[in-house]
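In what follows, a single structure is set out as structure tokens and then discussed.
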Amino acid sequence: MTEGQKKAYERSWPVYGLTREHGMIDPREVFGRDAMLNLEIGFGMGKSLAEQARDQREHDFIGIEVHNPGVGACLVLAEEYNLENIRVINHDAVEVIEHCIPDHSLERIQIFFPDPWHKKRHHKRRIVQTEFCQKLHKKLKPGGVLHLATDWENYAEYMLEVLNPMAEFKNLSQSNDFVPRPESRPLTKFEVRGQNLGHGVWDLMFSAK
């Protein structure tokens with residue numbers, strides 16, 4: 001962590017931080033209101049999460065990230081944007097989903113640019129797996145959206161292979177594959193740089209039946 005990230009962590013973790021030990025979250029108690037709740041899994045350095053919270057202050061956001069520098073960077077932005085509608089959890093996503101997120105509580109789950117584990121022997125480490133997506137489905141409200149994005153075409157195809165056969169979800173793409181980037185997903189510098197180099201980005205959106 002940089003010095004700035006460490007200081008933001010020290011100042012703002014008591015305000016924005018949730019822990020696995022909190023157990024099952026009551027969103028109304030956490031945020032002090034009843035609002036649409038969004039979850040980002042693996043928010044990296046927190047830019048897209050913080051920008052969404054800034055631009056959609058009528059929504060509440062919870063972000064999960066295991067890497068301390070990313071949590072620190074997100075807290076820097078939460079302070080800068082004076083956010084009240086964001087909370088972060090510095091822990092493994094699978095455990096948090098199982099033990100901290102109430103069933104049928106989420107309007108949207110987003111997983112943006114997860115580790116592609118591009119070698120075939122490592123595919124089993126990818127977070128998008130049938131069993132994990134079944135757990136995510138339980139946390140979504142009926143009609144809630146699972147939004148995925150990747151810049152690895154092979155992973156995008158793999159995500160379709162996992163999700164399209166699942167009876168729990170409906171692909172929101174008219175062609176049953178990918179959707180245009182929705183305005184709700186901020187365009188990152190990393191993504192712009194990739195586009196300038198001719199790299200593609202694939203968005204997938206599925207609604208919970």
Side-chain angles (χ1 to χ4, degrees), residues 1 4-93 95-114 136-149 181-191 203 205 207-208:
M1 296 174 79
Q5 290 165 1
K6 286 179 184 176
K7 288 177 180 176
Y9 201 108
E10 290 166 5
R11 283 192 306 265
S12 290
W13 180 258
V15 177
Y16 296 112
L18 298 172
T19 68
R20 160 72 178 82
E21 289 70 34
H22 275 106
M24 196 62 68
I25 294 165
D26 180 345
R28 282 172 294 188
E29 185 179 306
V30 168
F31 292 99
R33 64 176 183 175
D34 191 1
M36 292 183 176
L37 184 61
N38 305 275
L39 177 73
E40 181 163 350
I41 296 172
F43 59 72
M45 301 307 279
K47 189 171 186 291
S48 69
L49 179 63
E51 288 184 357
Q52 287 180 89
R54 178 195 63 192
D55 297 339
Q56 302 174 59
R57 292 182 187 263
E58 72 280 10
H59 285 213
D60 291 330
F61 293 83
I62 295 175
I64 305 172
E65 177 56 57
V66 293
H67 297 292
N68 291 344
V71 175
C74 187
L75 294 177
V76 169
L77 292 172
E79 291 180 344
E80 180 182 335
Y81 298 154
N82 193 28
L83 299 177
E84 297 181 357
N85 59 332
I86 190 172
R87 298 294 185 273
V88 296
I89 304 176
N90 188 191
H91 199 79
D92 174 70
E95 283 200 18
V96 171
I97 292 293
E98 191 165 344
H99 299 290
C100 303
I101 306 297
D103 289 352
H104 313 302
S105 64
L106 300 173
E107 198 75 30
R108 179 173 53 187
I109 298 173
Q110 50 202 40
I111 307 175
F112 297 156
F113 306 103
L136 297 182
H137 177 268
K138 285 178 62 179
K139 306 304 174 179
L140 284 165
K141 294 179 179 179
V145 172
L146 173 61
H147 180 190
L148 311 168
R181 181 185 69 85
E183 291 184 4
S184 61
R185 181 172 71 75
L187 194 63
T188 65
K189 289 180 182 177
F190 160 82
E191 188 174 345
D203 282 86
M205 297 183 79
S207 65

Sorted by chain and number, sequence neighbours left out, side-chain contact (heavy atoms from CB on, under 4.5 Å) with Met1 holds for Gln5, Lys6, Tyr9, Asn68, Pro69
Are side-chain heavy atoms of Leu39 and Ile97 found at a separation under 4.5 Å? yes
One should read off an interatomic distance between Met36 CE and Leu106 CG, to the nearest 0.5 angstrom, of 12.5 Å
Arg185 meets the salt bridge (Lys or Arg N to Asp or Glu O under 4.0 Å) criterion, sequence neighbours left out, with Glu191, Asp203
Heavy-atom closest pair (Leu83 atom, Ala50 atom, distance to 0.1 Å) is CD1-O, 3.8 Å
Hits for salt bridge (Lys or Arg N to Asp or Glu O under 4.0 Å) against Arg11, two or more places apart or cross-chain, chain-then-number order -> Glu79
ring-ring contact (aromatic ring centres under 6.0 Å, His included) filter on His91, not counting sequence neighbours, yields none
Taken in chain and number order and not counting sequence neighbours, the residues that satisfy salt bridge (Lys or Arg N to Asp or Glu O under 4.0 Å) with Lys141 are Glu107
Sorted by chain and residue number, the side-chain hydrogen bond (donor to acceptor under 3.5 Å, both in side chains) partners of Asp103 (sequence neighbours excluded) come out as Lys139
Any side-chain heavy-atom pair of Glu65 and Cys74 under 4.5 Å
no
The ring-ring contact (aromatic ring centres under 6.0 Å, His included) partners of Tyr16 (sequence neighbours excluded) come to none
Rounding to 0.5 Å, atoms CZ (Arg108) and CG (Leu140) come to a distance of 11.0 Å
On a heavy-atom basis, the closest approach of Pro186 and Arg181 is C-NH1, 4.1 Å
dist Asn82:CG -> Leu77:CG (nearest 0.5 Å) comes out at 13.0 Å
Applying side-chain hydrogen bond (donor to acceptor under 3.5 Å, both in side chains) to His22 and not counting sequence neighbours gives Thr19
| query | In this structure, are over 12 heavy atoms from other groups packed under 6.0 Å from Glu80 atom CD? | reply | yes
side-chain hydrogen bond (donor to acceptor under 3.5 Å, both in side chains) filter on Arg33, not counting sequence neighbours, yields Asp60
In short, Gly4 meets Val76 closest at the heavy-atom pair O-CG2, 3.9 Å
Closest non-hydrogen contact found for Pro102 with Ile25 is CG-O, 3.0 Å
Salt bridge (Lys or Arg N to Asp or Glu O under 4.0 Å) pairs touching residues 19-31, sequence neighbours excluded, are Arg20-Glu95
Output for pair (Ile41 CD1, Ile109 CD1), nearest 0.5 Å, gives 5.5 Å
- prompt: Does Glu58 CD have over 12 foreign heavy atoms under 6.0 Å away?
  reply: yes
Quick note, salt bridge (Lys or Arg N to Asp or Glu O under 4.0 Å) partners involving residues 35-54, not counting sequence neighbours, are Lys47-Glu51
To the nearest 0.5 Å, atom CG of Asn85 lies from atom CD of Gln52 at 10.5 Å
For residues 24-82, the ring-ring contact (aromatic ring centres under 6.0 Å, His included) pairs (sequence neighbours left out) are none
Rounding to 0.5 Å, atoms CG (Leu49) and CG (Asn38) come to a distance of 9.0 Å
Of all heavy-atom pairs linking Pro182 and Met205, the shortest is CG-SD, 3.9 Å
Tightest non-hydrogen contact, residues Ser207 and Gly143, listed as CB-O, 4.2 Å
